[in-house]
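Comments concern the structure below.
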Number of protein chains: 2
Amino acid sequence: MAARMTRQRTAVVEALDEIADFRSAQQLHETLRARGESVGLATVYRALQALAEASEVDVLRAEDGESLYRRCARREHHHHLVCRMCGRTVEIDGPTVEAWASKVAAAQGFDDIEHTIELWGTCADCRATAAS
Amino acid sequence: MAARMTRQRTAVVEALDEIADFRSAQQLHETLRARGESVGLATVYRALQALAEASEVDVLRAEDGESLYRRCARREHHHHLVCRMCGRTVEIDGPTVEAWASKVAAAQGFDDIEHTIELWGTCADCRATAAS
DNA sequence: CGATCTTTGACAACGGTTCTCAACAGGCGT
DNA sequence: ACGCCTGTTGAGAACCGTTGTCAAAGATCG
């Protein structure tokens, strides 16, 4: 059960530290391969899974269902505004929304409440690129 | 391009009308089969797709990525509080949240904004069942 | 009724993710 | 330093929800 620090896990964490945007496991795998780090795809998935479980990375689902990962600046609970084209991300928090969510859910007799609040859009750069 | 009203499409719509909770395409297919209506799985998927496109049904992604469908009472924009065990659903709207979302996104220079706001929990009934 | 043209359905294909299992390598004890 | 023990790796298979294929079936119109 002791988490060993292997070359592969280190590589995944380092890659995440350098990338500011949300990326899929496959994109990350691609990146590692490209920079010469030989890491298996399954290993990337496992590393991300472990990191997510330890709250070291945030996970969210793209509109097509693919999982995207990101190492966030703050470890506290927060949400994201993500560019659906390039993955560019802005961290957001909404104290108002949090309160609203738990109040509404509790009023209906629901327990173990969890909420998904994500904002998707097209960032200024991508809009410019798409226009050309 | 003219949408023909076939036996299969009618069956899917009728099933949705009778079920108040979010269900997956496969569950719906199962239900139709069980009641004697012979409908192909691909057809169920296509029917749901068409209905979703016409805003006749709401779609949302379960935590494992599966798509869930539901015929909602109101066609206007709204959100859901869903029981993650049985799919039981309560429709919700949050005018405050809507305003907050678009304001935040616009402030960051993002366009074509879309937001995902869903609440997950365990309903009173399922909690009781799980405890026994 | 017949012609036309969409829809159907069994099955294959797809894409992301997880599983399998033998080879491998941290890291602790000596 | 050396081995051993045990967690980890990786190539490929398996999985599972979903979409594509294409010949046969059926809805609609004249």
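We name chains A, B, ... by the order of the sequence lines, and we start the count at 1 in each one.
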Atom pairs, N/O to N/O, protein against nucleotides 23-27 of chain C, distance under 3.5 Å?
from: C/dG26; atom 1: N2; to: A/Arg4; atom 2: NH2; distance (Å): 3.0
from: C/dG27; atom 1: OP1; to: A/Met5; atom 2: N; distance (Å): 3.4

Let me test you: for the helix from C/dC1-D/dG30 to C/dT30-D/dA1, what is the angle between the axes at its two ends (five pairs each), rounded to 10 degrees?
30°
Could you pull out all residues at least two apart from B/Gln8 that satisfy side chain to side chain donor-acceptor pair (under 3.5 Å)?
none
Identify, residue by residue, the members of residues 18-33 of chain B with a heavy atom below 4.0 Å from DNA chain D, and return them in order of residue number, or none.
B/Gln26
Counting only non-hydrogen atoms, which of residues 45-65 of chain A are less than 4.0 Å from DNA chain D?
A/Arg46
May I have the distance from B/Leu41 (atom CG) to C/dA12 (atom C1'), rounded to whole angstrom?
14 Å
May I have the distance from A/Glu66 (atom CD) to C/dC14 (atom P), rounded to whole angstrom?
18 Å
Which residues pass the side-chain contact (heavy atoms from CB on, under 4.5 Å) test with B/Thr10, sequence neighbours left out?
B/Met5, B/Glu14
With A/Leu16, the side-chain contact (heavy atoms from CB on, under 4.5 Å) member among A/Ile19, A/Val13, A/Val12:
A/Val12
Ignoring hydrogens and angles, write down the donor-acceptor pairs under 3.5 Å from the side chains of residues 20-28 of chain A, residues two or more places apart or on other chains.
from: A/Ser24; atom 1: OG; to: A/Gln27; atom 2: N; distance (Å): 3.1
from: A/Ser24; atom 1: OG; to: A/Glu66; atom 2: OE2; distance (Å): 3.4
from: A/Gln27; atom 1: OE1; to: A/Ser24; atom 2: N; distance (Å): 2.9

Main-chain N/O of A/Ser38 paired to A/Arg7 side chain as donor or acceptor, under 3.5 Å:
yes
Ignoring hydrogens and angles, write down the donor-acceptor pairs under 3.5 Å from the side chains of residues 99-106 of chain A, residues two or more places apart or on other chains.
from: A/Ser102; atom 1: OG; to: A/Glu98; atom 2: O; distance (Å): 3.3
from: A/Ser102; atom 1: OG; to: A/Ala99; atom 2: O; distance (Å): 3.2

Measure the shortest side-chain to side-chain distance between A/Arg75 and A/Ser55 over non-hydrogen atoms and say whether it is less than 4.5 angstrom.
yes
Can you list everything that forms a salt bridge (charged side-chain N to carboxylate O under 4.0 Å, His left out) with [X]? Sequence neighbours excluded, please.
{"X": "B/Arg127", "answer": "A/Asp111"}
{"X": "A/Glu76", "answer": "none"}
{"X": "A/Arg70", "answer": "A/Glu91"}
{"X": "A/Asp17", "answer": "A/Arg71"}

Parallel, tilted or perpendicular: which describes the rings of A/His115 and A/His79, with under 30° parallel and over 60° perpendicular?
tilted
Measuring to OP1 and OP2 of D/dT8, would you say a side-chain N or O of A/Gln8 lies under 4.0 angstrom away?
no
Would you say B/Thr43 reaches C/dT7's phosphate, i.e. side-chain N/O to OP1/OP2 under 4.0 Å?
no
Could you walk me through whether B/Arg84 and A/Asp112 pass the salt bridge (charged side-chain N to carboxylate O under 4.0 Å, His left out) test, one step at a time?
CA-CA 10 Å; B/Arg84 86 186 97 229; A/Asp112 296 322; 5.2 Å; no
